[in-house]
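Working notes, structure below.
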Amino acid sequence: MNLFSDIRGAVIEALAAMTVAGQLPEGLDMTAVAVEPPRDPAHGDMATNAAMVLAKPAKLQPRAIAEALAARLSADPRIALAEVAGPGFLNLRLDPSVWQGVVRSALTEGADFGRSALGQGQKVNVEFVSANPTGPMHVGHTRGAVFGDALASLLDFAGYAVTREYYINDGGAQVEVLARSAFERYREANGLDPEIREGLYPGDYLIPVGEALKATYGTSLLDQPEAAWLQDVRDFAIERMMAMIREDLALLNVRMDVFASERAITASGRVEEAITTLRGMGLIYDGTLEPPKGKLPEDWEEREQTLFRSTAFGDDVDRPVQKSDGSWTYFAPDIAYHWDKISRGFDQLIDVLGADHGGYVKRLKAVVSALSNGKVPLDVKLIQLVKLFKNGEPFKMSKRAGTFVTLRDVVEQAGPDVTRFVMLTRKNDAALDFDFDKVLEQSKDNPVFYVQYAHARLCSVLRKAHEAGIAVADNDLAVADLSGLTHPAEQELARKIAEWPRLIEIAARNNEPHRLAFYLYELASVFHGLWNRGNEDPGLRFLQEDNPATSQTKIALARAAGVVISAGLGILGVDPAEEMR
RNA sequence: GGCCCCGUAGCUCAGGGGAUAGAGCGACCGCCUCCUAAGCGGUAGGUCGCAGGUUCGAAUCCUGCCGGGGCCGCCA
């Protein structure tokens, strides 16, 4: 159930009845009518802007509409009080039974409470990570991985059919560099001095690859010319790198449905196909580009290239797809890849990219718009940098100094739960500070801990109640008498729980999983607050020693909060701890 | 030069058309005979960068400017 959409339905129904009764003109657009939680709890449980939104088109005073609407809504048993306030808000106070209904829904629906039909089963492709298969993943990839995985889970929960996809850039020049680098390590494994020339990858992680090459090929490649071994060594090294990357993702509990290979897509003729399609639309032409403004590259030369008319879709300049020598630019496989995704029938595409790829957003959107006739929206989520700290001091990453912080370093130190939650405590387009010490702190300063602690406290209550012989299994609590949940502090928690389904839809609409992290923090805060009220007012304790029935009632509320915390953390990929150690 | 992101409390950040703008940290004052005080309550703290505009209503949308960061190439 989604209480907010239920009540909005009641408002829309009342407005329709007013139209029939001649109190409103016909044909009004109701899409802007919203039912939201008011900022100030004193304003009631929910508020609707209906009267203000409709006043102008209906040519009526907002207060007049609001009053007529209030009169109709008052007849709804769920609405205890409807009063007009401010410039025309209609504040609604809900009957306590409504909150009891929310708690019961959470208990009966369990992990599915809040699941939405918003997506209507639409096929969404979430492409994320897509780190080059040339080395281990670093912190930046970590954030992208967590974000993409959580977003995918969120969209799944919101009713989309989600595919998690990794695009392997195994077709460009950089994998040949990888091959040459690995070959040097292969020579090293055979007792020769490696020549890690400028431009090759110097990382130690290639040493085992060199050894593996030796194990497979012995000395047979040593005196061969590059042309003889390049392809085999490249494929061998890519496979090794991808195995390493898969392991890293597994450490973070990130899973992929599809690993798409640039080389496979290119080999299948998708590039030519996509370019031909674009050409058929008149979007490909031969021409020369203006030199870039600002600092002019030293070797700038005007040359004719094959260009994609991305300016037709709002890009700043047209983009080259083919070099002057006829070979494809790096952009061409990207076109083919997105064409491939469109061809696979996705209704929506999402690309999760590093913020340094911001300059490609327009051309990617242009391509997707062109190739799908504007039917498939592409949302590009840019992931800002992660700034690492240790003891409050910035922790500079440098490949040269050997302080290159990998995904594995982070996860091994902080653990997957902490890493994931912290990475989601900031909007994707805001830079994130990640302090190794703060993140491991077990106090309320650490949001992960704070949320997990709320859940652990609940579990503690459940254990104690169970020991006391009170039936606290979910199906027992779901049929408990909830009419005793009338205290304002208890209703505050129920109100927060009721926001969960609405939050899911807002977060999913905006592709913003960070909203879940913030919400869960708030929910935990309300839970801790109610818990502590029990110190002063024993009547608010969840466990009422001598009264199993009342205990069941109150524990049902606590457990409903726990259901949401558990589900929410589940979407973020964080384990809801049952006890803190 | 162009494009993108950011600018909200002393600090770190939510909120991104609705009412008197929120949270955490830091500061100050309180709360353990009691389900985990690893927690809770309260006080103080604001020109939502600046200036226009749209709107019944702008921190939120539009334009310009200021300040910070990022990107720009036949590289990937």
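Values in this document were obtained by computation on a predicted structure and should not be read as measured data. In what follows, every chain begins at residue 1, and chains take the letters A, B, ... in the order their sequences are listed. Atoms considered below: every heavy atom in the structure, side chains included; atoms not considered: hydrogens, waters and symmetry mates.
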From C-beta outward on A/D356, which listed nucleotide comes closest to its side chain: B/rA19, B/rC71, B/rC75?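 So the nucleotide nearest the side chain must be B/rC71.
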
From B/rA19, B/rA76, B/rA23, nucleotide with atom closest to A/K323 side chain: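 That would be B/rA76.
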
Looking only at atom [atom1], what distance separates [N] and [M], rounded to whole Å?
N      : M      : atom1 : answer
B/rC3  : B/rC25 : P     : 42 Å
B/rG17 : B/rA59 : C1'   : 11 Å
B/rA27 : B/rG16 : P     : 31 Å
B/rG7  : B/rG46 : C1'   : 14 Å
B/rC48 : B/rU20 : P     : 14 Å
B/rU63 : B/rG69 : P     : 24 Å
B/rU8  : B/rU60 : C1'   : 11 Å
B/rG73 : B/rU55 : P     : 40 Å

[X] side chain vs [Y] backbone, donor-acceptor pair below 3.5 Å:
X      : Y      : value
A/D351 : A/L353 : no
A/T306 : A/V321 : no
A/S369 : A/K365 : no
A/R8   : A/V33  : yes
A/H338 : A/D334 : yes
A/H528 : A/Y450 : yes
A/Q452 : A/D575 : yes
A/Q544 : A/P538 : yes
A/N91  : A/G44  : no

Starting from [atom2] on [N], measure out to [atom1] on [X] and report it in whole angstrom.
X      : N      : atom1 : atom2 : value
A/Y521 : B/rU12 : OH    : C1'   : 12 Å
A/D316 : B/rG2  : CG    : C1'   : 7 Å
A/Q384 : B/rC71 : CD    : P     : 10 Å
A/I335 : B/rA76 : CD1   : C1'   : 15 Å
A/F331 : B/rG73 : CZ    : P     : 11 Å
A/D433 : B/rG69 : CG    : P     : 16 Å
A/N49  : B/rA19 : CG    : C1'   : 12 Å
A/N428 : B/rC4  : CG    : C1'   : 13 Å

A/Q61 atom CD, over 12 foreign heavy atoms within 6.0 Å: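 Check fails, neighbour count at 12 or below.
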
So what is the 5' to 3' dot-bracket string for RNA chain B, if pairs are Watson-Crick or G-U wobble with both distances under 3.5 Å, crossing pairs use [ ] and | means the partner sits on another strand? (((((((..((((....[...)))).(((((.......))))).....(((((..]....))))))))))))....

Tell me what [X] touches on the nucleic acid: a base, only sugar-phosphate, or nothing, going by heavy atoms under 4.0 Å.
X      : value
A/N132 : sugar-phosphate
A/R319 : sugar-phosphate
A/A55  : nothing
A/V53  : base

Check nucleotides 34-41 of chain B for protein N or O atoms closer than 3.5 Å to its own N or O atoms and list the pairs.
residue, atom, partner, partner atom, Å
B/rC34, O2', A/R541, NH1, 2.9
B/rC34, O2, A/N535, O, 3.2
B/rC34, O2, A/R541, NH2, 2.5
B/rC35, O2, A/L543, N, 3.1
B/rC35, N4, A/W531, O, 2.6
B/rU36, OP1, A/S460, OG, 2.1
B/rU36, O2', A/Y453, OH, 2.2
B/rU36, O2', A/R457, NE, 3.1
B/rU36, O2', A/R457, NH2, 3.3
B/rU36, O4, A/M580, N, 3.3
B/rA37, OP2, A/R457, NH2, 2.5
B/rA37, OP2, A/W531, NE1, 3.1
B/rA38, N6, A/M580, O, 3.4
B/rA38, N1, A/Q442, OE1, 2.9
B/rA38, N3, A/Q442, OE1, 3.3
B/rG39, OP1, A/K444, N, 2.1
B/rG39, O2', A/R457, NH1, 2.9
B/rG39, O2', A/N532, OD1, 3.0
B/rG39, N2, A/N532, ND2, 2.6
B/rG39, N3, A/N532, ND2, 3.2
B/rC40, OP1, A/Y450, OH, 2.3
B/rC40, O4', A/N532, OD1, 3.3
B/rC40, O4', A/N532, ND2, 3.2

Taking the ring centre of each residue, are A/Y521 and A/Y519 less than 6.0 Å apart?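 No: the rings miss the under 6.0 Å criterion.
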
For RNA chain B, determine which residues of residues 553-564 of chain A have any heavy atom closer than 4.0 angstrom to one of its atoms, and list them numerically.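 Hits under 4.0 Å, by residue number: none.
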
Short heteroatom pairs, N/O only, protein and nucleotides 14-17 of chain B, under 3.5 Å:
residue, atom, partner, partner atom, Å
B/rA14, OP1, A/K427, N, 3.2
B/rG15, OP1, A/H514, NE2, 2.9
B/rG15, OP2, A/K427, NZ, 3.4
B/rG16, OP2, A/R515, NH1, 3.3
B/rG16, OP2, A/R515, NH2, 2.8
B/rG16, O6, A/K427, NZ, 3.3

Between the side chains of A/D318 and A/Y285, is a donor N or O closer than 3.5 angstrom to an acceptor N or O?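 Side chains of A/D318 and A/Y285: pair found under 3.5 Å.
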
Would you check if there is a donor-acceptor pair between the side chains of A/D325 and A/S327 at a distance under 3.5 Å?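 Side chains of A/S327 and A/D325: pair found under 3.5 Å.
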
Taking for each residue the nucleotide of RNA chain B with the nearest heavy atom, is it A/Q174 or A/A355 whose nucleotide lies nearer the 5' end?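 On the 5' side of the pair lies A/A355.
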
Using heavy atoms to find the nearest nucleotide of RNA chain B for A/L432 and A/L382 separately, return the residue whose nucleotide is more 5′.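 In this pair, the answer is A/L382.
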
Looking at A/Y337, is A/R270 sitting on its ring face, NZ or CZ under 6.0 Å from the six-membered ring centre and within 45 degrees of the normal?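 Judged by the rule (NZ or CZ under 6.0 Å from the ring centre, within 45° of its axis), A/R270 is not positioned above A/Y337.
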
Using the salt bridge (Lys or Arg N to Asp or Glu O under 4.0 Å) criterion, which residues pair with A/D235? Sequence neighbours excluded.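 For A/D235, the residues satisfying salt bridge (Lys or Arg N to Asp or Glu O under 4.0 Å) (neighbours in sequence not counted) are A/R263.
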
Partner residues of A/D316 under the salt bridge (Lys or Arg N to Asp or Glu O under 4.0 Å) criterion, sequence neighbours left out: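 So A/D316 forms a salt bridge (Lys or Arg N to Asp or Glu O under 4.0 Å) with A/K362.
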
Syn or anti: how is B/rC62 classified when any glycosidic angle within 90° of 0 counts as syn?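 Because its glycosidic torsion lies more than 90° from 0, B/rC62 adopts the anti conformation.
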
